[in-house]
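Input: a single structure, listed below in structure tokens.
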Amino acid sequence: MADTSLSPVRVRFAPSPTGRMHLGSARTALYNYLLARRTGGQFILRIEDTDRKRFVPGAEEELIDGMHWLGIQWDEGPDVGGPYGPYRQSERKEIYLEYAHRLVEMGHAYPCFCSRERLNRLRQEQQRQKRPPRYDGLCRRLDPDEAARRVAAGEPHVIRFKTPKEGTTTVHDLLRGEIVVRNETLDDYILVKSDGWALYHLAAMVDDHLMKITHVIRGSEWLPTFPLHALIIRAFGWEEPTWVHLSVFLKPSGKGKMSKRDAAQAIKDGRSIFVTDLRDLGYIPEGVLNWVVLMGWGVAEDDVLTLDEMVERFDVRHLSPSPAAINFSKLDHFNGKHIRRLSVDELATRVKPFFERAGYVVDDDVLRKITPLIQERIVTLEDAVDMAGFFFRDEVTPSPEELVPKGLDAAQALDIARRSYNVLASLPEITAEAAEPPMRALVEEMGLKARQVFGVLRVAVTGQRVSPPLFESMEVVGREKVLERVRNAMAMLEKMAS
RNA sequence: GCCCCCAUCGUCUAGCGGCCCAGGACGUGGCCCUCUCAAGGCCAAAACAGGGGUUCGAAUCCCCUUGGGGGCACCA
């Protein structure tokens, strides 16, 4: 196969604003974006909102927020415009109608006057007989002139595609090769509803043609109607785009695709499949992108990638057609990797809102100092709050039990605290460099383990058993507060020891 | 029920007829480093669903079985 990957493509991401933006959408958008960038083509955002009944307020905003946050930029779209607009299907109703009529004139479509009641009855009967539910073609057999008269008279109707009844239709998917279906298995799908709005099957094909889309990368839920789409395009005599049908995401267990309930369960577990949730949870776009891009695309080695590196290495032909189970622990891994790749300043500015959201007043100077301390020990930005929130508190409240290291008693802990206090108080300034050597000497002198002595201090100064490195932490906290906190700990230990 | 798609370690995947008694990553276990927690380094266990073909040779091509997934709306 010739390497067509470098000729510029025009691709689109065409979500319908009917719900929240989830991983599947993010990945579809990303793959489209990568192909566009890879080939120097254009990436178009098109909103498919022809079904006003399913309109969800705020869905489009969330989608755009999510895309912006991920850093997936589009060249043409409802907000930025472009030469092939409008990019919102609700603004293109007349266009679809015109093309639908053209299909009717060409004999590839016909008006259907059947009521929903009749259709429901038909379907029920077919299901009862365990036959595939399909339109029986009653109106297809109508005389075209009579049908036109009834339409002109204002009789309610839909427009159906006149699917060939014999032979087969062969379509080609880049990842799956040829797909051949018998035409008898296809239905006379509705193209335009009785309210005059086009359905996806017509609207998307018309838009893709008008917007000069060369490659359609979409979810595999479109596979069953893929032949229909090709038939529609062929009926118009248009050139078909290259089709790429992606796999679906399965729930973490690998058993079945993500359902609403699974999505809710993930949120309970502190995870989510929704991109704005991931953002609020403290995941960073680099991590999410890296995670998502690898679910359905394999890189042999060096799989920690930036968006630019993805563009460099992306090849549509190597996408995987098989379903992929969502694996959240891998998200943690990539997020941590990318957090560690951030510059200290960058990480500081990203982590700041999380401290503020937790109610802390953030001193930028302190923030700048603690960032390198937490960088390699947080998986999400939110983790920083638990790990380093104490830096922004005036007081720290260790639990008495935690003040006593395993294997020692309160009296011994008190002894450690007192002697540590003397060492630290003797220093004019508590820096990591100045404090560590004498403290190590104390450990030696007392014949204890470093972990025991430092453990008491850690809990006293940070209020936590787990913290950033002790001496660096004390340096940031500052001499006065360190001494004060050790004194407090001593008081607590005195009570316990007596 | 009918139609369509998919099938390599638990998971995501590399592999596109010989380089593979199958490579990487996550996770898991062990070791090292170590003031906690991490990070990092090293090591280990772990897969070609089954059966037929084609071929000198198959994880790679074909068929069947099994398993999984998707779809069957005046939703997208």
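Chain letters run A, B, ... following the sequence lines, proteins first, then strands; residues in each count from 1.
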Nucleotide C72(B), atom C1' - distance to CG of Leu186(A) in whole Å: 11 Å
Tabulate atom names and distances for all N/O pairs under 3.5 angstrom spanning the protein and nucleotides 73-76 of chain B.
residue, atom, partner, partner atom, Å
C74(B), O2', Arg116(A), NH1, 3.3
C74(B), O2, Arg116(A), NH2, 3.4
C74(B), O2, Ser194(A), N, 2.9
C74(B), O2, Ser194(A), OG, 2.8
C74(B), N3, Ser194(A), OG, 3.0
C75(B), OP2, Lys193(A), NZ, 3.2
C75(B), O2', Asp51(A), OD2, 3.1
C75(B), O2', Arg54(A), NE, 2.3
C75(B), O2', Arg54(A), NH2, 2.6
C75(B), O2, Arg54(A), NH1, 3.2
C75(B), O2, Arg54(A), NH2, 3.3
A76(B), OP1, Thr50(A), OG1, 2.5
A76(B), OP2, Tyr200(A), N, 3.2
A76(B), O4', Arg54(A), NH2, 3.0
A76(B), O3', Glu48(A), OE1, 3.3
A76(B), O2', Ser16(A), OG, 3.4

Residue-phosphate contact under 4.0 Å: Arg465(A) side-chain N/O, C37(B) OP1/OP2: no
Arg377(A) side chain, from C-beta outward: closest of G24(B), C37(B), G40(B): C37(B)
Whole-Å distance separating the CG atom of Asp173(A) from the P atom of C5(B): 10 Å
For atom NZ of Lys130(A) and atom P of C3(B), their distance in whole Å: 15 Å
Close aromatic pair by centroid cut-off 6.0 Å: Phe161(A) and His201(A): no
Whole angstrom value for the distance that separates P of U13(B) from NZ of Lys330(A): 8 Å
Between A47(B) and A7(B) - C1' atom distance, rounded Å: 12 Å
Pairwise distance CG(Asp188(A)) to OG1(Thr163(A)) - rounded to 0.5 angstrom: 4.5 Å
Arg440(A) side-chain proximity, nearest of U13(B), C35(B), C5(B): C35(B)
No-H, no-angle donor-acceptor pair, Arg458(A) side chain to C35(B) base, under 3.5 Å: yes
Spacing of Leu331(A) atom CG relative to G27(B) atom P, expressed in whole Å: 11 Å
Atom pair distance, as rounded to whole Å: CG in Leu175(A) and P in C4(B): 19 Å
Salt bridge present between Glu346(A) and Arg350(A) (N-O < 4.0 angstrom): yes
Nucleotide nearest Ser322(A) (side chain, heavy atoms from C-beta), chosen from A39(B), G24(B), A7(B): A7(B)
Rounded interatomic separation in angstrom, taking CE from Met295(A) and P from C6(B): 19 Å
Euclidean distance, atom CG of residue Leu223(A) to atom C1' of G69(B) [Å, nearest integer]: 11 Å
Electrostatic pair Arg271(A):Asp332(A) at N-O distance under 4.0 angstrom: yes
Tyr200(A)/His229(A) aromatic ring centres below 6.0 Å: yes
Ring centers of Trp74(A), Phe13(A) separated by less than 6.0 Å: no
Trp291(A)-Phe328(A) aromatic ring centre distance below 6.0 Å: yes
Listed nucleotide nearest any side-chain atom of Ala325(A), set A39(B), A25(B), U11(B): U11(B)
Pairing partner of G29(B) (Watson-Crick or G-U wobble, both distances under 3.5 Å): C43(B)
Touch class at under 4.0 angstrom, heavy-atom based, for Gly219(A) against every strand present: nothing
Per Thr185(A) side chain, nearest of listed nucleotides C3(B), U13(B), G40(B): C3(B)
